[in-house]
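See structure below.
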Amino acid sequence: MTLWIEYLGQYLGSSTAGIGVWTATSTAPKTIYLNNLPGSTTSLIVLYPYAGTAPDWTMDQASIRHPRLNIAVYSTSADGGYQKSIDIRTRLDHAHELSYPTSTTTTIKFSLIKALGEPEYLGKDDIGRGYCVTNYDVEYSTN
Amino acid sequence: MSTLINGRNGYPSIFSFSSNGSSGTFTDMAGILTIVPPPHTKGTIDMSNHGTTDGYDQCIPQGITRTGQISFTAIYLSTNAQHNSLVKEAMDNGTRIGWKITMAGTSSNNTLYGDGFMTEWTPTVPFEDKIIFAGAIKPTGKPVGWASSTTT
């Protein structure tokens, strides 16, 4: 089973703005990760889902879920990943009606994704990369 | 299990306005913040009498279905013709206007439209916030929808 957060990784990776690579190829190494900051010195994006708010319940046991998402951009660029964070915000903020998987019957739909604030620059890590974080509110339901 | 996957978030919905009834040309209104479609209500006529069975009241429906006011709010854009003149003029002149609400989501059963008259145009100028205006419309006749498409 594919996690909701993995579909958003796909969504970021499919951006024509060149945000990052979710599924690595022979020529493009992976740059978007989930819950894991690899031991690499390159520029990376890491998706960290967190608790969010309680789901909206219905009497027939279905629910609309409201997790939240923290996106950390680690970057060797001079701006410490701020521009990349803006590009991600442009892709995600107010994205709506995203249905996945795209190749078979829809099993999950993201009705709305909202930025909860602006990208925040948090300085440099121990190998000199700048990093920025941005938080998002996600609303989705499943079949 | 229900299919909540077909549920819809309100964003991005559209409010459209025509200054020549719903047979005219609709133009989407800019800067819309909220849209409240018209309520529909139907009253009843009490038919209870001394012969009423088991002591429970009885009624029949009234003939007329009443529609309530459509209301909307928008960020005021001073260069927008709808905002700076057309909406208010429609109220001043008593012009029959057209209204159309297109809810967010997939295209099925998402449009409600009809004729009506402007009944409110209320700008708000706060001390430390954006200027907005509220409008209201009293529909006349039966609204069409929710429909999958419109003929206008």
Side-chain angles (χ1 to χ4, degrees), chain A residues 1-8 10-11 49 52-69 88-118 134-143, chain B residues 1-17 26-37 39 70-77 80 82-83 99-113 126 128-134 145-150:
Chain A
M1 181 181 171
T2 306
L3 296 170
W4 65 270
I5 187 73
E6 295 177 275
Y7 288 122
L8 292 188
Q10 288 180 30
Y11 180 67
T53 56
D56 298 327
W57 291 100
T58 62
M59 290 294 188
D60 54 359
Q61 301 178 17
S63 58
I64 297 172
R65 300 194 178 277
H66 300 272
R68 287 186 174 170
L69 171 62
I88 293 171
R89 188 197 62 189
T90 301
R91 178 72 167 161
L92 281 185
D93 188 27
H94 280 57
H96 56 279
E97 299 282 316
L98 306 178
S99 297
Y100 283 94
T102 54
S103 57
T104 57
T105 303
T106 296
T107 60
I108 185 169
K109 187 173 78 173
F110 298 91
S111 45
L112 186 65
I113 301 168
K114 295 184 294 185
L116 291 171
E118 296 298 305
T134 316
N135 295 324
Y136 296 88
D137 183 68
V138 177
E139 179 179 285
Y140 78 90
S141 52
T142 55
N143 260 342
Chain B
M1 177 179 283
S2 83
T3 52
L4 285 188
I5 203 164
N6 292 323
R8 300 165 188 244
N9 193 290
Y11 171 86
S13 296
I14 301 167
F15 179 76
S16 309
F17 180 86
F26 280 109
T27 302
D28 296 347
M29 192 171 287
I32 287 290
L33 297 169
T34 60
I35 307 167
V36 180
I70 299 164
S71 59
F72 61 90
T73 57
I75 299 169
Y76 178 67
L77 306 170
N80 183 292
Q82 287 182 330
H83 292 202
W99 55 270
K100 184 171 73 172
I101 297 165
T102 307
M103 70 161 81
T106 53
S107 59
S108 63
N109 299 320
N110 66 336
T111 302
L112 185 70
Y113 68 97
E128 289 186 311
D129 204 350
K130 59 190 174 291
I131 296 175
I132 63 172
F133 72 96
W146 299 93
S148 296
S149 62
T150 70

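Chain A is the first sequence line, chain B the second, and so forth, proteins listed ahead of strands; every chain is numbered from 1. This is a predicted model, so every value here is computed, not measured.
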Any donor and acceptor pair, going by atom type alone, linking the side chain of A:Lys109 with main-chain N or O of B:Gly7 inside 3.5 Å? yes

Criterion side chain to side chain contact (heavy atoms under 4.5 Å, CB included) on B:Ile5 and A:Thr142, from CA distance to verdict: CA-CA 6 Å; B:Ile5 203 164; A:Thr142 55; 5.7 Å; no

Looking only at heavy atoms, what is the nearest atom pair of A:Ser63 and B:Leu4, with distance? N-CD1, 3.4 Å

Non-neighbouring partners of A:Thr102 that pass side-chain contact (heavy atoms from CB on, under 4.5 Å), sequence neighbours left out: A:Tyr100

When rounded to the nearest 0.5 angstrom, what is the spacing between OH in B:Tyr11 and NE2 in A:His96? 5.5 Å

Which bit of A:Ser99 is near chain B, if near means a heavy-atom gap under 4.5 Å: side chain, backbone, both or neither? neither

Contacts of A:Thr90 that satisfy side-chain contact (heavy atoms from CB on, under 4.5 Å) - sequence neighbours left out: A:Ile86

All heavy atoms of A:Glu97 vs all of B:Arg8, minimum pair found to be OE2-CA, 4.5 Å

Looking at CZ of A:Phe110 and CG of B:Asn9, how far apart are the two atoms once the value is rounded to the nearest 0.5 Å? 13.5 Å

